[in-house]
Colleague: 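Provided herewith is a single structure, encoded as structure tokens, for subsequent inquiry.
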Number of protein chains: 2
Amino acid sequence: MVEHPSRTKLVDAAIDLVRGKGYNAMRVEDVCAAAGVTKGSFFHHFKAKDDLALAAADAWRERARGLCDTVSAARYPDPRDRLFAYLDLRRELIAGELVDWTCFAGTMIQEIHLTHPDLRDACQQSIAEHTGELAALIEAARRRHPVAGDWTADSLALHVQAVIQGALVLAKGRQDPAVAHQALDHLGRYVRQLFAAEGNAA
Amino acid sequence: MVEHPSRTKLVDAAIDLVRGKGYNAMRVEDVCAAAGVTKGSFFHHFKAKDDLALAAADAWRERARGLCDTVSAARYPDPRDRLFAYLDLRRELIAGELVDWTCFAGTMIQEIHLTHPDLRDACQQSIAEHTGELAALIEAARRRHPVAGDWTADSLALHVQAVIQGALVLAKGRQDPAVAHQALDHLGRYVRQLFAAEGNAA
DNA sequence: GACTCCATACCGACTGGTTGGTATGGTCGA
DNA sequence: TCGACCATACCAACCAGTCGGTATGGAGTC
């Protein structure tokens with residue numbers, strides 16, 4: 001499997017379409033049209049629609065991998081500051097066209113969690129992997145700074161994901177990313193509060 | 001329009017099915033089977049599938065209305081305590097079968113926000129109304145207690161909704177309501193922190 | 001109270017468009 | 001010439017929506 005431009009284009013198109021209209025509303029012909037190929041090509045690369053979705057979930061996981069590292073460790077040597085910067089980044093990423101800030105995995109899960117267990121697990125893995133990276137960052141920050149309250153790095157990472165996913169749902173409802181920003185503002189305030197305990201103001 | 005048992009059964013069945021499998025995966029015949037009526041009856045009461053969804057959105061809004069009041073004002077005279085109790089209640093409501101703790105409006109919005117603008121607005125209204133009630137409660141608590149930070153009641157109400165919606169998405173992904181509890185625990189801690197400012201410990 | 005008239009509620013076989021998937025054949029590089 | 005890659009025509013299942021028909025009960029008339 002060395003590149004295959006058609007295949008890659010199909011996967012990318014599928015991700016975009018799912019992010020916009022969801023999985024069930026996305027027809028294979030839509031994907032083909034968006035990718036600029038025909039159905040023959042589609043079913044040459046994928047044996048079924050679900051197969052494409054699986055590939056798309058993998059591609060999405062790949063995209064999400066290392067998102068934490070986007071916030072350079074060089075610029076923010078302190079993991080706590082890196083965590084704050086990460087939250088700010090996530091906030092800023094929610095802007096512009098809807099299809100650009102929507103989460104493929106979250107959209108898929110909500111729609112097919114009962115009907116397509118294998119697909120659900122693939123998408124879940126994508127989220128879990130990212131949450132794991134975030135938890136590691138939180139844990140690093142925790143080791144270097146005192147924190148308020150009794151909580152684990154895993155649970156806070158989960159909470160962050162929840163706020164983001166929920167903010168996206170609300171933003172879709174209002175057709176306006178601004179509501180997501182409000183939620184992320186509160187999240188930022190909360191996390192900073194947790195790490196600003198006991199006279200540790202930044 | 002005085003009752004109409006068949007119609008009511010169809011609406012209730014639709015709400016359950018959407019909460020489980022989503023809107024597109026729900027067939028008209030599924031709704032009929034679940035409601036114990038035939039297709040003929042269905043299309044007598046609703047002129048299209050979308051029409052049923054609209055009715056279901058209304059019914060859902062009705063269900064959600066006054067959820068804040070479930071936390072009795074008599075038992076919690078202080079609106080701040082009522083707010084805390086509300087958050088606890090929301091946490092406890094996420095338990096048991098998936099179909100019982102899922103949000104109809106959130107599920108719908110995520111799936112049809114682009115393809116069915118009218119349906120999206122109906123579901124959005126359901127959320128907006130509930131958020132409004134919550135904001136009023138927050139505002140009342142705010143007037144009676146000093147708070148930390150610079151934020152509005154509306155934005156905090158929105159944040160609460162976001163955490164809940166996001167927690168549900170994560171719970172669906174893991175097929176386990178426990179993850180939602182973790183997120184709501186953090187939310188509870190945050191809100192209490194906001195209201196516990198300046199020596200106002202409960 | 002018997003009769004017509006009609007509206008509402010309901011039934012279930014049928015239809016026609018949509019759509020995931022297939023069959024077949026062509027092109028091009030090795 | 002073989003096989004990877006892709007195009008076109010086609011198929012069959014699925015499903016929202018239709019349509020002719022039945023049952024029930026209430027209003028009006030004599």
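Values reported hereafter were calculated over all heavy atoms of this structure, with side chains retained and with hydrogens, waters and symmetry mates removed. On a predicted model such as this, the values are computed, not experimentally measured, just so you know. Chain A is the first sequence line, chain B the second, and so forth, proteins listed ahead of strands; every chain is numbered from 1.
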Colleague: Mind calculating the distance between CZ (Arg7(A)) and P (dA4(D)) to the nearest angstrom?
Modeller: 15 Å
Colleague: Run the salt-bridge test on Arg75(A) and Asp81(A) with the 4.0 Å N-O cut-off and return the result as yes or no.
Modeller: no
Colleague: Should the pair Arg7(B)-Asp51(B) be classified as a salt bridge under the 4.0 Å nitrogen-to-oxygen rule?
Modeller: no
Colleague: Looking at His45(A), does any N or O in its side chain come under 4.0 Å of the phosphate oxygens OP1/OP2 on dA4(D)?
Modeller: no
Colleague: Is there a side-chain polar atom (N or O) of His44(A) under 4.0 Å from OP1 or OP2 of dC6(D)?
Modeller: no
Colleague: Whole angstrom is fine here: how far is it from CG in Leu10(A) over to P in dC5(D)?
Modeller: 13 Å
Colleague: Under the side-chain contact (heavy atoms from CB on, under 4.5 Å) rule, what do Leu83(A) and His145(A) come out as? Steps first, then yes or no, please.
Modeller: CA-CA 12 Å; Leu83(A) 173 60; His145(A) 300 275; over 6 Å; no
Colleague: About how many Å separate CD of Glu139(A) and CG of Leu156(A), when rounded to the nearest 0.5 Å?
Modeller: 11.0 Å
Colleague: Write down the distance between CZ (Phe46(A)) and P (dT19(C)), rounded to a whole number of angstrom.
Modeller: 20 Å
Colleague: Check this for me: does any side-chain nitrogen of one of Arg61(B) and Asp58(B) sit under 4.0 Å from a carboxylate oxygen of the other?
Modeller: yes
Colleague: On the nucleotide dC5(D), are OP1 or OP2 found under 4.0 Å from the side-chain N or O atoms that Ser6(A) carries?
Modeller: no
Colleague: Does the pair Arg63(B)/Asp12(B) count as a salt bridge with the N-to-O cut at 4.0 Å?
Modeller: yes
Colleague: Listing time: all N or O pairs from protein to nucleotides 13-17 of chain D that are below 3.5 Å?
Modeller:
residue: dC15(D); atom: OP2; partner: Arg27(B); partner atom: NH1; Å: 2.8
residue: dA16(D); atom: OP2; partner: Val28(B); partner atom: N; Å: 3.0
residue: dA16(D); atom: N7; partner: Lys39(B); partner atom: NZ; Å: 3.0
residue: dG17(D); atom: OP2; partner: Lys49(B); partner atom: N; Å: 2.9
residue: dG17(D); atom: N7; partner: Lys39(B); partner atom: NZ; Å: 3.3
residue: dG17(D); atom: O6; partner: Lys39(B); partner atom: NZ; Å: 2.7

